2 protein chains.
Amino acid sequence: MSRSRDAVHEILRQSAAFRSAQDIFTEMRADGSKIGLTTIYRALQALNDDGRVDVLRTDDGEAVYRACATSAHHHHLVCRGCGLTVEVDGPDVEVWAERVGAEHGFTAITHTVEVFGTCGACAKG
Amino acid sequence: MSRSRDAVHEILRQSAAFRSAQDIFTEMRADGSKIGLTTIYRALQALNDDGRVDVLRTDDGEAVYRACATSAHHHHLVCRGCGLTVEVDGPDVEVWAERVGAEHGFTAITHTVEVFGTCGACAKG
DNA sequence: CAGAAAATGAAAATGATTGTCAAAACGGTT
DNA sequence: AACCGTTTTGACAATCATTTTCATTTTCTG
Ligand SMILES: [Zn+2]
Ligand SMILES: [Zn+2]
Ligand SMILES: [Zn+2]
Ligand SMILES: [Zn+2]
């Protein structure tokens, strides 16, 4: 894996929003690339396995990816309008999740936390 | 809407775990019901619209539903092994989400928060 | 360069979810 | 009970994202 993976990674780096496979495919093809959709799926999978991109599911179940600046654990604040995404963290939330899990006798706790809203730009026009 | 919707709702009431449409379909058919899969999807959608069932997406994008005891805002602690789910709430998380959104100029803040782990029973054998 | 191993892409297969449409179940009315 | 307009239902087809398959191309190694 290399050629295509890097190309896909680069597309993600240049976007502040989460992007879908189809979305990336369309952009790359528009830019003249001959890449196949399958390769994009494979690249996204590999990048995610390597922890280089984050993935989340839209309301309708579509997987969308983003190359976040930090590889450390964090969460996202996503604009419902334009997709603009900001990386955020919440130490309190981390503690809360562990505690609520432990209180109920659960182990190996993990969690998903995403915040959505309308960004300043979208709030206007 | 009535006959089938109530039947689906009842199945969910009797389960502590989130269930998929296929899952519910299989159980109802096994119980002798002649219900169709389409009807189950419609019932789940209606129940969700009415706020009577919660929905979330599994890692592979499948929608799963649960009839929670409370209709008030809450979150879930889900066992990765058996699906056992406990309803939990975290006032701190609510506050944190609002604050982090506001800090970045976002409005109309919403959030998704789910906690996963291995329950006591599954931790054994 | 040769040959093996990894990557790629087109097309088919999968699986969840939705749309279509005619038949069946309801509800209220004579 | 027979009638009629409305709602619900279910079999089946259609969508859509994602995965598989498989033959071809590219990359790597010696
Ligand atoms: Zn925006
Ligand atoms: Zn966290
Ligand atoms: Zn369990
Ligand atoms: Zn909350």
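Heavy-atom basis, side chains included; hydrogens, waters and symmetry copies ignored. Small disclaimer: the values here were computed from a predicted structure and weren't measured. Throughout, a chain's letter reflects where its sequence line sits, starting with A, and its residues are numbered from 1.
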Within this structure, what is the [atom1]-to-[atom2] distance between [X] and [N], rounded to whole angstrom?
| X | N | atom1 | atom2 | value |
| --- | --- | --- | --- | --- |
| R5(A) | dA6(C) | CZ | P | 15 Å |
| F25(B) | dT18(C) | CZ | P | 16 Å |
| I24(A) | dA17(D) | CD1 | C1' | 14 Å |
| D60(B) | dT18(D) | CG | P | 11 Å |
| N48(B) | dT18(C) | CG | P | 11 Å |
| L44(A) | dT18(D) | CG | P | 9 Å |
| D59(A) | dT18(C) | CG | P | 12 Å |

query = Which part of the nucleic acid, if any, lies within contact of S4(B), taking any heavy atom under 4.0 Å across all strands shown: a base, the sugar-phosphate backbone alone, or nothing?
reply =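 It contacts sugar-phosphate atoms only.
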
request  = Establish whether the base of dG10(D) is bridged to the side chain of R42(B) by a donor-acceptor pair shorter than 3.5 Å.
outcome  =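 Result: at least one qualifying N/O pair found.
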
Which pairs would a plain distance check flag for residues 56-64 of chain B, meaning a side-chain donor or acceptor within less than 3.5 Å of a matching protein atom at least two apart in sequence or in another chain?
from   : atom 1 : to     : atom 2 : distance (Å)
R57(B) : NE     : D59(A) : O      : 3.4
R57(B) : NH1    : G61(B) : O      : 2.9
R57(B) : NH2    : D59(A) : O      : 2.9
T58(B) : OG1    : D60(B) : OD1    : 2.9
T58(B) : OG1    : E62(B) : N      : 3.1
T58(B) : OG1    : E62(B) : O      : 3.4

message = Let's see if you get this right: which residues in residues 29-38 of chain A place a heavy atom under 4.0 Å from DNA chain C?
response =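 The answer is R29(A), K34(A), I35(A), G36(A), T38(A).
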
Check the interface with nucleotides 14-16 of chain C: list each N/O to N/O pair with the protein under 3.5 Å, or write none.
none

Pairs meeting criterion side-chain hydrogen bond (donor to acceptor under 3.5 Å, both in side chains) with involvement of residues 96-107 of chain B, two or more places apart =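 Pairs touching residues 96-107 of chain B that pass the test: R99(B)-E103(B).
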
ask   = Given a cutoff of under 4.5 Å between side-chain heavy atoms of I, L, V, M, F, W and Y, with clusters grown through shared members, what are the other residues clustered with V95(B)?
value =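 Same cluster as V95(B): nobody, lone residue.
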
query = Who passes side chain to side chain contact (heavy atoms under 4.5 Å, CB included) against D92(B), sequence neighbours left out?
reply =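 If we apply the side chain to side chain contact (heavy atoms under 4.5 Å, CB included) test to D92(B), skipping adjacent residues, there are no hits.
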
Using atom types as modelled and distance alone, determine if a side-chain donor or acceptor of [X] lies under 3.5 Å from a backbone N or O of [Y].
| X | Y | answer |
| --- | --- | --- |
| N48(A) | V53(A) | yes |
| R29(A) | I35(A) | yes |
| T70(A) | C68(A) | no |
| E27(B) | I11(B) | no |

request  = Report yes or no: do R80(B) and T110(A) form a side-chain donor-acceptor pair below 3.5 Å?
outcome  =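 There is such a pair (donor and acceptor under 3.5 Å, judged by atom type) between the side chains of R80(B) and T110(A).
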
key: Side-chain N,O (Q45(B)) to OP1/OP2 (dT18(C)) below 4.0 Å   =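 For Q45(B), the contact criterion (side-chain N or O under 4.0 Å from OP1 or OP2 of dT18(C)) is met.
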
